[in-house]
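What follows is one structure encoded as structure tokens, with my remarks underneath.
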Amino acid sequence: MSSDFWAGYLSGAIGIIIGNPLDVVKVRLQASLGGAGPATSTRTLNQFENASSLVRGAAAPILGYGALNALLFVAYNRSLMFMDSSIRDPTNPTGVSLSKIWIAGAAGGVASWTVSSPTELIKCRAQLDTRPGISSWTVAKDILRTRGLTGLYFGGVITCARDAIGYGFYFWSYEYCKRLIASDNDDAHQTALKVLLCGGIAGVATWASVYPLDMVKTRLQAQAIAAAPDRQPLIHSQGNTRLLNSYQIAKEAYNSEGLKAFYRGLGVCSLRAFIVNAVQTKMKWA
């Protein structure tokens, strides 16, 4: 494989590892019931059993990153060139309508769903299951044993919707930001810093646009996790054998917690998104 592929893969893997502790906090805040104040945050942080729990669930997205990235950018580039035949370099779509860029990004999100859906399911369950010895591999084996290959795509519809909308806004906001701060007089260092900033802003914009969907996805995919006898379940449906669908989970969350349930952990998620995108962009420019 090319050095560009491995450079991109390495930057992505490092970004995932660095951002994973904040991702664990985000997922556990999304899945928890009750208030989102300091007490809730403290209880969530106290659920880190040991240092290894900070990287729990990272293996699945790291292993799937290369395939996901390839599907995302191939679909994005092809969709953009299909909508505008005058484009020669999709990585620098100067003058292209931002609406076309959003649509191409959404197409990339749909294409990457084939990888993101199972990796998100495995990651989410590994991060929420606080029993000792739980890893991405044990979660994957359990899903395959109990539900078969199709079980890896549980929650796939809402994951696809999240990815389509999210990546649409990612490419749109990145290009919009880049156009706003573009200058002909920038040197290489200034250009790199601007790309870094735009990537971070795009990451935050992405999650802000889909966070309620992601919260519902987290609770949907986290269902049926067996809680350890000495631990309190993280989510309401863990003690319930009836699996709820996305609409039922959203309705239950709104009725019991109001709108705040759909945005719990957004601040942590935004911080993580900016850091991860900064690391990945820095690695690509190094």
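Not measured: the values here are computed from a predicted model.
When every heavy atom of Ala250 is checked against every heavy atom of Val216, the shortest pair comes out as CB-CG2, 4.1 Å. In terms of heavy-atom proximity, Arg56 sits nearest to Ile134 at NE-O, 3.5 Å. When every heavy atom of Arg162 is checked against every heavy atom of Val210, the shortest pair comes out as O-CG1, 3.5 Å. The shortest heavy-atom contact between Asp163 and Ser112 is OD2-OG, 4.4 Å. Minimum heavy-atom separation, Ile16 to Ala58: CG2-O, 4.2 Å. Closest approach of Leu128 to Ala222, counting heavy atoms only: CD1-CB, 3.1 Å.
Using a 4.5 Å heavy-atom threshold, the side chains of Gln248 and Glu252 count as separate. Leu152 has its side chain out of reach of Ser117: every pair of non-hydrogen atoms, C-beta onward, lies at least 4.5 Å apart. Residues Val96 and Leu80 form a side-chain contact, since some pair of their non-hydrogen atoms from C-beta on lies under 4.5 Å apart. By the 4.5 Å heavy-atom criterion applied to side chains, Pro93 and Ile101 are counted as neighbours. Within the 4.5 Å cutoff, the side chain of Ile249 has no heavy atoms near those of the Asn245 side chain. Counting heavy atoms from C-beta on, the side chains of Gln30 and Arg219 never come closer than 4.5 Å. Between Ile18 and Ile275 there is a side-chain heavy-atom pair separated by less than 4.5 Å. Two residues are said to be in side-chain contact when any heavy atoms from C-beta on lie closer than 4.5 Å; Val27 and Lys123 meet this criterion.
Asp129 places no side-chain N or O within donor-acceptor distance of the main-chain N or O of Arg125, the cut-off being under 3.5 Å. Here the side chain of Trp113 pairs no donor or acceptor atom with the backbone of Thr159 at under 3.5 angstrom. Remark: side-chain polar atoms of Ser79 are paired, donor with acceptor, to backbone N or O of Ala75 under 3.5 angstrom.
For the ring-ring contact (aromatic ring centres under 6.0 Å, His included) condition, no pair includes a residue of residues 114-138, sequence neighbours left out. Within the structure, ring-ring contact (aromatic ring centres under 6.0 Å, His included) pairs that include any residue of residues 244-263 do not occur (at least two apart or interchain).
Atom NZ in Lys141 sits 12.5 Å away from atom OG in Ser136 (nearest 0.5 Å). The distance from atom CD1 of Ile103 to atom CE of Met83, rounded to the nearest 0.5 Å, is 5.5 Å.
Annotation: salt bridge (Lys or Arg N to Asp or Glu O under 4.0 Å) contacts of Arg145 (sequence neighbours excluded): Asp142. Partners of Ser97 under the side-chain contact (heavy atoms from CB on, under 4.5 Å) rule, at least two apart in sequence or in another chain, are Ser99, Lys100. For Arg179, the salt bridge (Lys or Arg N to Asp or Glu O under 4.0 Å) partners two or more places apart in sequence, or in a different chain, are Glu175. Lys26 pairs by the salt bridge (Lys or Arg N to Asp or Glu O under 4.0 Å) definition with Asp23, Asp214, not counting sequence neighbours. Residues satisfying the ring pair (Phe, Tyr, Trp, His ring centres under 6.0 Å) criterion with Tyr174, sequence neighbours excluded, are absent altogether. Partners of Phe171 under the ring pair (Phe, Tyr, Trp, His ring centres under 6.0 Å) rule, at least two apart in sequence or in another chain, are Phe73, Tyr76. For Thr114, the side chain to side chain donor-acceptor pair (under 3.5 Å) criterion is met by no residue, not counting sequence neighbours. Looking at residues two or more places apart in sequence or on another chain, you find a ring pair (Phe, Tyr, Trp, His ring centres under 6.0 Å) between Tyr176 and Trp172. Applying the ring pair (Phe, Tyr, Trp, His ring centres under 6.0 Å) rule to Tyr211 yields no partners; only residues at least two apart in sequence or on another chain are considered.
In the hydrophobic clustering of this structure, Tyr167 groups with Ile158; members are Ile, Leu, Val, Met, Phe, Trp, Tyr whose side-chain heavy atoms approach within less than 4.5 Å, directly or through other members. Ile165 and Val157 are not part of a single hydrophobic cluster, where members link through side-chain heavy atoms under 4.5 Å apart. Both Leu266 and Leu213 are members of a single hydrophobic cluster when ILVMFWY side chains are connected at heavy-atom separations under 4.5 Å. Residues Leu121 and Val110 are members of separate hydrophobic clusters, defined by side-chain heavy-atom contacts under 4.5 angstrom among Ile, Leu, Val, Met, Phe, Trp and Tyr. With hydrophobic clusters built from ILVMFWY side chains whose heavy atoms lie under 4.5 angstrom apart, Leu243 shares a cluster with Ile122.
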Can you give me every donor-acceptor pair (side chain of residues 195-203, partner residue at least two apart or in another chain, under 3.5 Å) with its distance?
none

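A salt bridge links Glu257 with Arg264; the closest basic N to acidic carboxylate O contact falls under 4.0 Å.
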